Every structure is written in structure tokens, then in C-alpha cells.
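See structure below.
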Amino acid sequence: MKTIIVTGGAGYIGSHTIIELIENTNYRIVSIDNFSNSYESTLDRIEEITGVRIHNYNIDLCDKEAINNVFEIEKNVIGIIHFAAFKSVPESVDNPYKYFHNNFESLLNILEVSLANQVNHFIFSSSCSVYGNINKLPVNEDTTLNKAESPYAYTKQVGEEILKTYTNKFSNLNVVALRYFNPVGAHSSGLNGELPLNKPTSLVPVITQTAIGINKQMAVFGADYATRDGSCIRDYIHVTDIALAHIKALEYSISKKNTCNYAVINLGSGKGVSVFEAITAFENATGEKLKFVVHPKREGDVEAIFSDTTKSEKELNWKATKTIEEMMLSAWKWEQNLKK
Ligand code: UDP
């Protein structure tokens, strides 16, 4: 049985992807995660949902020797899905070193060790933040990248460049860089969802934590943007839809459907939703009322972005299926389960 290594397997998107990989493919799935922003108990939740206990290597990807040791044991690896990275825009603004050091070093190490072990399929978690502030929406993959608005976004821009350089040099290497828009929501069972170790900064966990009473009220960062209601616009997409796209990307690479050994593909729904609209969607879907106050703009935020979905549909035969209300409802079910 061929093995897929998922780095960041206990993380939010990583764990949801592992669940879908187990349920929809015949690969053996192994995780590498040092729980720097996740909980070991996520592995129990994966097991509860799928009935499969995943083996996790608790190592830091900045430690190349430790990765070499994993590959000494794992001899049947066919592909890597590399999620493990720091991902908070505001934290990266406060602590660029943490982001530059971790996100670059870990990518270079896993890439080098993969190549040394003839593992030629590499799926990379990129982000729509690579586009920076864009005037022409929806944004497609041919759009020239603007200045990164945060150190986090910069690590994704450079991460893509690193991978492109490697695919130029190593023709056997196949990379699919998936530019996620805003993954939100939780597994339909309500048994797995977003659970960062640190206080969440992403909108949907902030919303659900406010509704459940962890926060008295929430902030809306900026109501004077040049958008339809003054708040920022994003393309929210259900995490299970994102997870399924990884299976498509793996198939795409392994069955050589890619026309080029370096592919960049947006993963979005194609719909822009403002912060106020997201709040209303949550209230409508759950019947809960949210208390919010308008705060100044948050440093590092882009004004509006949503995806052109043509390429993901054409190349991966994939598209988002869930509505914003479904995303909110699943996130709410998860938040309520966490309280039990
Ligand atoms: N946001 C907000 N209040 C919060 C968290 C986020 O108003 O407590 C806004 C944020 O300014 C942005 C949008 O929600 O406009 C999405 O932010 P998130 O951090 O979820 O994603 P990203 O910034 O990566 O797009």
C-alpha cells in the first residue's frame, strides 16, 4: 500500500484532509505534526470519525535530520501534502522572524528530503494572500502577484517561488500549489473543526467563540473599506470541500493529468462575502445574535478578494459545494460540541 505523508496532520485543514483521504482513497496516511498550534487529541477525533488510528511523527520540520529519520522508516511514500506552517496574518506582522524561519526552513527541509527519497508528488498549501491587493476581481491564477501585505503572505509567495525553482531543476518533481481562499466550517459530524492552541484570529472561530460566550463581543476590523458595506470581502469555503480538493490534486499529479510539473490552482467558491454578511449568515443559520463593535482596520488585511473558479473546475474537476450558511452551521455545531 502506498503512503501519503501529511505534514500538519493535526491541524485544521490537515485533519479534515486526512479524514477524506481515509474515507475516499486506498492510501496509508501518515502525519508529521509537532502540535505547535494543534492538539494531539485531534488524532483521537480522526479515529472516532474514520475508525483509523493515524501514526503521527512528533517532530519539528525545521529539524532535517528528524525528517530523514522518518523516511528511514517510511519506505513506501508516494506523495507529500505539506500543510504544516504558521498561518496567522496578525501574528506574522508582530513576529516576522517566527514566520520566515519556520515556513521557509520547514518547506526546504521536507522538499529536500522528499527529493532525496524519490518522492515526486508534492501538494503545497498556498494562499490567496499571495495576490496582495487586487483591483480586478475575481482573481485568477494568471494574475500578477502584488506586494505581500503581511510576512505570512510573503512566506507563501516565496514558498511558491522555491517550488517553481525546484520543478525547473528537477523534472521528475510534480508540484501542485493550492491557493486557498478562506477555509471555514467543520466536519459534518460536529466531531472535528478548527481548534487552534492560541487565541483564534480568523473570523469564523471568533464568531463562534463570541456566540458561545467566550468573548463578550467581537471586533469588525474596518467598516470604511471601498466595498458594498464598508467591511472586507473574502471568499469563504467549507473545509471539507478544501479537503476533497487535495484528493483531486493528488490524483491529478499521480495520474499525470498535469500539463506542467508546476501547477498553481485557486481553491475558492467564487463568491465574495463581506464581514457583515458573514455575521448575518451566522445569525440566520443558527438563530444566535452576535454582539460586535467596529474597530480600525487590521494591519495586513487586503480589502476584497474572491476567486475565479475556472481553473479548479477544469484541471481538477472540483468545485465548492457548501453555502456560507452551511459553513456557519457546521462551525457552530463544532463549537457547541467543544463546550460539552
Ligand atoms: N475579521 C474581523 N474580526 C475578527 C477576525 C477577522 O473583522 O475578529 C475580518 C478580517 O479583518 C478580514 C476577515 O474578517 O477582513 C477575514 O479574516 P480572517 O483572519 O478570517 O482571514 P484572512 O485575513 O486570512 O483573510
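Counting starts at 1 for both ligands and their atoms, in listed order. Remember, it's a predicted structure, so these values are computed and weren't measured experimentally.
A donor-acceptor distance shorter than 3.5 angstrom exists from the side chain of Glu141 to the backbone of Asn266, with no hydrogens or angles considered.
Looking only at atom types and distance, the side chain of Asp229 has a donor-acceptor partner in the side chain of Ser274 under 3.5 Å away.
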If you look only at distance, which donor and acceptor atoms sit under 3.5 Å apart when one is on a side chain in residues 211-222 and the other is two or more places apart or in another chain?
| unit_1 | atom_1 | unit_2 | atom_2 | d |
| --- | --- | --- | --- | --- |
| Asn215 | OD1 | Lys199 | NZ | 3.1 |
| Asn215 | ND2 | Thr210 | OG1 | 3.3 |

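Around ligand 1 you find Asn182, Thr201, Ser202, Leu203, Val206, Ala219, Val220, Phe221, Cys232, Arg234, Tyr236, Val275, Arg298, Asp301, each with a heavy-atom distance below 4.0 Å.
Screening residues 53-64 for side chain to side chain donor-acceptor pair (under 3.5 Å) gives Ser31-Asn56, Asp44-Arg53, Glu47-Arg53, Tyr57-Glu74 as the qualifying pairs, with residues at least two apart or on separate chains.
In the hydrophobic clustering, Tyr152 connects to Phe86, Val89, Tyr99, either directly or through intervening members, whenever side-chain heavy atoms lie under 4.5 Å apart.
For the pair Arg234 and Phe181, the NZ or CZ position fails the cation-pi test of under 6.0 Å to the six-membered ring centre and within 45 degrees of the ring normal.
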